[in-house]
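Beneath this line is the structure, given in C-alpha cells, with notes to follow.
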Amino acid sequence: MYMDQIAAYIAQFPKDVQEKLKKIRKIILDTAPDAEEIFSYGMPGYKLHKKPLVYFAAFKQHIGFYATPSGHEAFAQALSRYKQGKGSVQFPLNEPMPYDLIADIVAFRAQENTAKAKKAIKK
C-alpha cells in the first residue's frame with residue numbers, strides 16, 4: 001500500500017543517497033520480513049505487531065534513523081560517535097553507512113516488539 005509512496009520518497013534524492021536509502025529499506029525488510037511498511041511523519045516507517053519498529057529519512061547532510069529510545073539505548077556505545085536525539089541518530093552522508101549496525105538495531109527492535117506482542121497475548 002505504501003510501497004509507491006516510499007519509492008517516490010526515495011526517488012527524490014540524488015542517486016548516491018537513493019542507493020543508501022534502498023539498502024536501508026532492504027535491510028529492514030530482510031531483518032524483519034513480517035514488518036509492515038508505512039509512510040508516517042513524512043518518512044518511510046515500519047511497524048511490527050502493530051507497533052512502531054523503525055523509521056528513516058534523508059536530509060542534506062545525513063540519514064536520520066529512528067528506532068525509538070529503547071533501540072538507541074541498547075546500542076548507545078556503538079552509536080556514541082554519531083549525533084543523536086532522543087530516539088534518533090544521524091548517519092552522515094559523507095561517511096560509510098553502518099549497515100551492519102542498522103541491521104542489529106532492527107533485529108533488536110523486532111525481537112522487542114515480538115516479545116511485547118507475546119506478553120500481551122498471555123494477559
Do [X] and [Y] come within less than 4.5 Å of each other through their side chains, counting heavy atoms only?
X	Y	answer
Lys83	Val89	no
Pro44	Phe39	yes
Glu37	Leu29	yes
Phe91	Leu79	yes

Rounded to the nearest 0.5 Å, how far does [atom2] of [Y] lie from [atom1] of [X]?
X	Y	atom1	atom2	value
Ile28	Lys26	CD1	NZ	12.0 Å
Tyr66	Ile105	OH	CD1	13.5 Å
Phe108	Gln111	CZ	CD	7.0 Å
Leu101	Arg81	CG	CZ	10.0 Å

Restricting to non-hydrogen atoms, name the atom on [X] and the atom on [Y] that form the minimum distance, rounded to 0.1 Å.
X	Y	answer
Ala110	Leu53	N-CD1, 3.4 Å
Tyr82	Ala78	CE1-O, 4.0 Å
Lys20	Leu93	NZ-O, 2.8 Å
Leu48	Asn113	O-ND2, 3.2 Å
Gln18	Ile10	CG-O, 3.0 Å
Met43	Phe56	CB-O, 3.3 Å

Does [X] have more than 12 heavy atoms from other residues, nucleotides or ligands lying within 6.0 Å of its [atom1]?
X	atom1	result
Asp16	CG	yes
Gln12	CD	yes
Gln61	CD	no

Before you tell me yes or no, could you show the steps for Lys86 and Glu73 under salt bridge (charged side-chain N to carboxylate O under 4.0 Å, His left out), namely the whole-Å CA-CA distance, both residues' side-chain angles and the distance that decides it to 0.1 Å?
CA-CA 9 Å; Lys86 186 178 179 184; Glu73 289 162 10; over 6 Å; no
Please state whether the rings of Tyr9 and Phe13 are parallel, tilted or perpendicular, taking 30° and 60° as the class boundaries.
perpendicular
Go through the steps for Lys50 and Glu36 under the test salt bridge (charged side-chain N to carboxylate O under 4.0 Å, His left out), then give the verdict.
CA-CA 8 Å; Lys50 299 184 168 66; Glu36 171 193 359; over 6 Å; no
Mark yes or no for whether [X], through its side chain, and [Y], through its backbone, hold a donor-acceptor pair below 3.5 Å.
X	Y	answer
Arg109	Gly71	no
Thr31	Ile27	yes
His72	Gly87	yes

Step-by-step side chain to side chain contact (heavy atoms under 4.5 Å, CB included) determination, Gln90 to Ile63
CA-CA 6 Å; Gln90 295 181 7; Ile63 290 178; over 6 Å; no
Is it true that Tyr46 and Tyr55 have ring centroids separated by less than 6.0 Å?
no
